Number of protein chains: 2
Amino acid sequence: METAEATAAERPGLRERKKQRTHDALLRAALELFTTQGYEATTVDEIAEAVDVSQRTFFRYFAGKEEAALAVIGLSQEHFVAALRARPAHEAPLEALRNAVLEGWDAIGEAVARIVPVDLYLRSYGMIESTPALLAAHLRRTDEVAREIEEIVAEREGLDVRTDPRPRVAVAVFAGVMRVTERLWAMGGDLSMEAMRELTAAHLDAVRPSLAEKWRNG
Amino acid sequence: METAEATAAERPGLRERKKQRTHDALLRAALELFTTQGYEATTVDEIAEAVDVSQRTFFRYFAGKEEAALAVIGLSQEHFVAALRARPAHEAPLEALRNAVLEGWDAIGEAVARIVPVDLYLRSYGMIESTPALLAAHLRRTDEVAREIEEIVAEREGLDVRTDPRPRVAVAVFAGVMRVTERLWAMGGDLSMEAMRELTAAHLDAVRPSLAEKWRNG
DNA sequence: AGGCTAGTGACAGCCACTGACAGTTGACAA
DNA sequence: TTGTCAACTGTCAGTGGCTGTCACTAGCCT
């Protein structure tokens with residue numbers, strides 16, 4: 001058992017490679033079909049047929065249509081969490097969150113490119129935003145990520161999430177701002193990582209001013 | 001046409017009343033079944049049968065199972081939006097949002113009670129939080145409400161949402177905090193409106209401290 | 001009273017998803 | 001190499017959410 005996994009990590013057997021190929025092929029086919037003809041207009045049968053496997057096999061790789069559509073973005077979210085964990089301990093919570101998201105972008109692009117064309121990845125954000133069922137699933141997943149981040153932030157500061165509200169509130173604020181940013185970016189014209197970085201920075205900078213009592217003179 | 005609607009508003013005809021009754025009956029039956037045996041374990045056929053209508057009729061009243069489950073909460077969200085619109089113009093944006101949510105609670109309770117037992121309404125929050133598909137749909141609806149609120153806040157301050165980021169960011173911060181609050185409340189033991197009010201106030205008060213550079217001495 | 005139309009039930013069908021079973025194909029040891 | 005085991009897959013049948021269609025009933029209006 002141990003040997004099998006260790007070996008697989010070094011040089012995956014034929015079985016593993018085949019599996020990986022099928023998985024990636026399904027992912028690419030799904031995203032390709034979704035972004036061209038639309039998510040709802042695409043049936044699982046079509047995706048399976050495009051990769052020449054049975055529908056049943058598709059469901060062995062993905063829990064459902066949604067998961068296939070959101071898998072790549074899920075990957076980028078994992079990278080963000082990892083980036084946050086890697087931030088130096090001296091940074092303030094929101095500083096660490098900000099840096100993790102701003103600097104993590106490039107590494108994410110690379111990681112994604114290993115599986116699907118980056119272009120497909122970027123377009124999937126637009127697809128999500130304009131597909132109710134998908135947006136719903138995406139928001140739920142993001143909510144789960146937020147929960148994970150709460151723990152990380154609390155640990156960074158040596159606090160207990162159950163007794164001190166600040167870790168949760170800080171993450172909530174950050175998550176809220178990231179959600180608007182994401183929405184505007186995905187719906188806007190410029191679907192590039194540069195645009196995302198700028199929007200993110202601008203919105204995070206706007207947090208304090210938006211909390212002010214008076215907006216006119218602020 | 002005009003006459004028909006006006007008349008219906010004053011004294012609904014038999015037809016209208018019948019419709020209303022069926023609608024409410026379906027809603028009650030659905031929530032009752034959902035909260036007792038679970039959302040997924042309940043089929044639309046069951047709900048329809050409980051009210052003694054065909055499955056087809058259920059779908060004529062609700063776009064889907066989800067909508068039936070979230071309809072009551074949607075009602076409370078509408079009340080919140082109305083409460084926000086009613087806030088005096090001199091209040092600062094976040095002040096108005098805070099007051100709207102804290103004071104609107106009672107009116108919401110009354111409005112809900114006219115259709116379903118309040119107890120059922122409160123329990124539905126727990127159901128949502130523990131049902132992935134439902135939570136997803138709920139988050140999407142909440143996101144839409146946030147969009148509506150952005151406009152209201154911007155209008156209060158005489159700003160254009162497209163040029164000034166503050167309305168959107170302020171609402172994003174507020175929405176983020178409300179989401180954590182909701183989650184903790186729904187998952188916690190005390191499912192009362194009092195508990196919700198306290199949690200909300202506590203979390204909103206924690207926003208500034210959570211933005212501080214240093215948490216230890218803050 | 002009789003015509004109009006909103007609301008309903010019954011039926012057929014699509015699609016996402018699941019369980020069960022059998023066939024095939026890599027992995028690994030004898 | 002060969003045989004055995006386990007993993008992976010295809011096929012089939014079935015459930016449940018959801019939609020289109022059509023005929024029929026019942027409230028509404030003149």
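Proteins come first, then strands; the chains are lettered A, B, ... in the order of their sequence lines, and each starts at number 1. Computed from a prediction, not measured in an experiment: that's the story for all the values here.
- In this entry the distance linking CZ of B/Phe62 with P of C/dT8 reads 12 Å, nearest Å.
- The closest donor-acceptor contact from the side chain of B/Lys19 to the backbone of B/Tyr61 lies at 3.5 Å or more, if one exists at all.
- Across the protein-nucleic acid pair, B/Asp45 atom CG and D/dT15 atom C1' stand 10 Å apart, rounded to whole Å.
- Between the base of D/dA7 and the side chain of A/Arg15 there is a donor-acceptor pair shorter than 3.5 Å.
- Atom CD of A/Glu46 and atom P of C/dA16 are 9 Å apart (whole Å).
- Looking at B/Ser192 and B/Asp190, their side chains do bring a donor and an acceptor atom within 3.5 Å of each other.
- In this structure, A/Glu40 places its CD atom 12 Å from C1' of C/dA16, rounding to the nearest Å.
- The phosphate of C/dA6 has neither OP1 nor OP2 within less than 4.0 Å of any side-chain N or O from B/Lys19.
- B/Lys18 has a side-chain polar atom (N or O) that falls below the 4.0 Å cut-off from OP1 or OP2 of D/dG27.
- Look at B/Tyr61 and you won't find any side-chain N or O under 4.0 angstrom from OP1 or OP2 of C/dG7.
- Protein atom CD of B/Glu49 is 17 Å distant from nucleotide atom C1' of C/dT8, rounded to whole Å.
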Could you run down the sub-3.5 Å N/O contacts of the protein with nucleotides 10-14 of chain D?
residue : atom : partner : partner atom : Å
D/dG10  : OP1  : A/Ser54 : N            : 3.4
D/dG10  : OP2  : A/Ser54 : N            : 3.1
D/dG10  : OP2  : A/Ser54 : OG           : 2.8
D/dG10  : OP2  : A/Thr57 : OG1          : 2.0
D/dG10  : N7   : A/Arg60 : NH1          : 3.2
D/dG10  : O6   : A/Arg60 : NH2          : 2.6

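- Straight-line distance from the NZ atom of B/Lys65 to the C1' atom of C/dA16: 13 Å, rounded to whole Å.
- Looking at A/Glu40 and A/Leu134, their side chains never come closer than 4.5 Å, going by heavy atoms from C-beta outward.
- Taking atom CD of residue A/Glu67 and atom P of nucleotide C/dC17, one finds them 10 Å apart after rounding to whole Å.
- Rounded to whole angstrom, the span from the CD1 atom of B/Ile47 across to the C1' atom of D/dC18 amounts to 13 Å.
- Relative to the side chain of B/Phe59, the nucleotides C/dG7, C/dC17, D/dT19 differ in distance, and D/dT19 lies closest.
- Side chains of A/His138 and A/Glu182: a donor-acceptor N/O pair is present below 3.5 angstrom, by distance only.
- Closest approach of A/Val177 to A/Val207, counting heavy atoms only: CG2-CG2, 3.8 Å.
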Determine, stepwise, if the pair A/Glu144 / A/Arg141 fulfils salt bridge (Lys or Arg N to Asp or Glu O under 4.0 Å).
CA-CA 5 Å; A/Glu144 272 170 29; A/Arg141 282 164 148 256; over 6 Å; no
